Amino acid sequence: MAARKCGLPLMKYLRVHVDSLPNNNNRLPFTISPINVFLRRFSEEVRGTFLDKSEVTDRVISTVKNFQKVDPSKVNPNAHFQNDLGLDSLDAVEIVMALEEEFGFEIPDNEADKINSIKLAVDFIASHPQAK
């Protein structure tokens, strides 16, 4: 699209050779090349960056206990922000913001609206690859 705007006839100079896959059933449908090894290694590295759920639980509970409107004795892994801790929706937003700061990533608004308990916060953060 950008090439058309510049007036460059890109397709005139670009040639791509395409071969069909052989019908030989004994042959693998892929080859092992350095790029395949790199991609596999990269995906294994990404898979290993998730935080341990028990560590996330401890940090979330600690963050919620430090919130000034919360009675620390009521905080447990199954506590609901409104029902168990007596927080309103604005307080829940502040807790989510504190969790964003604690774990070093931004929680999208549509996901933040769903986080209304410690368990949901732990599940979301533990499954997020950018959590630190």
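Source: prediction; values computed, not measured.
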*Hey, could you give me the CD/OG distance between Glu94 and Ser89, rounded to the nearest 0.5 Å?*
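The distance works out to 10.5 Å.
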*To the nearest 0.5 Å, what is the distance between CG (Asp123) and OG1 (Thr57)?*
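Between Asp123 CG and Thr57 OG1, I get 8.0 Å after rounding to 0.5 Å.
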Please report the shortest heavy-atom distance between [X] and [Y], naming the atom on each side.
X      : Y      : value
Asn76  : Ile118 : O-CD1, 3.2 Å
Lys74  : Ala79  : O-CB, 4.1 Å
Ala126 : Lys53  : CB-CG, 4.2 Å
Thr63  : Ala98  : CG2-CB, 3.8 Å

*List the steps, then state whether side-chain contact (heavy atoms from CB on, under 4.5 Å) holds for Glu102 with Ile125.*
CA-CA 11 Å; Glu102 170 69 23; Ile125 293 168; over 6 Å; no
*asked:* Would Leu87 and Phe67 count as a side-chain contact (heavy atoms from CB on, under 4.5 Å) here? Give the steps.
replied: CA-CA 10 Å; Leu87 301 174; Phe67 192 68; 4.1 Å; yes
*Treat each ILVMFWY residue as a node, draw an edge where side-chain heavy atoms are under 4.5 Å apart, and state whether Val56 and Met97 are in one component.*
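Shared cluster, no.
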*asked:* Please determine whether residues Leu120 and Val93 belong to a single hydrophobic cluster, defined as Ile, Leu, Val, Met, Phe, Trp and Tyr linked transitively by side-chain heavy-atom distances below 4.5 Å.
replied: no
*Does Lys69 have any salt bridge (charged side-chain N to carboxylate O under 4.0 Å, His left out) partners at least two apart in sequence or in another chain, and if so, which?*
Asp91
_Greater than 12 external heavy atoms within 6.0 Å of Glu55's CD_ = yes
*side-chain contact (heavy atoms from CB on, under 4.5 Å) between His80 and Asn116, intermediate numbers included*: CA-CA 6 Å; His80 189 275; Asn116 57 15; 3.5 Å; yes
*For side-chain contact (heavy atoms from CB on, under 4.5 Å), just list the numbers for Asp88 and Phe81, CA-CA rounded to whole Å, side-chain angles, deciding distance to a tenth of an Å, and then say yes or no.*
CA-CA 8 Å; Asp88 61 20; Phe81 294 157; over 6 Å; no
Got a list of side-chain donor-acceptor pairs under 3.5 Å for residues 106-113, not counting sequence neighbours?
none

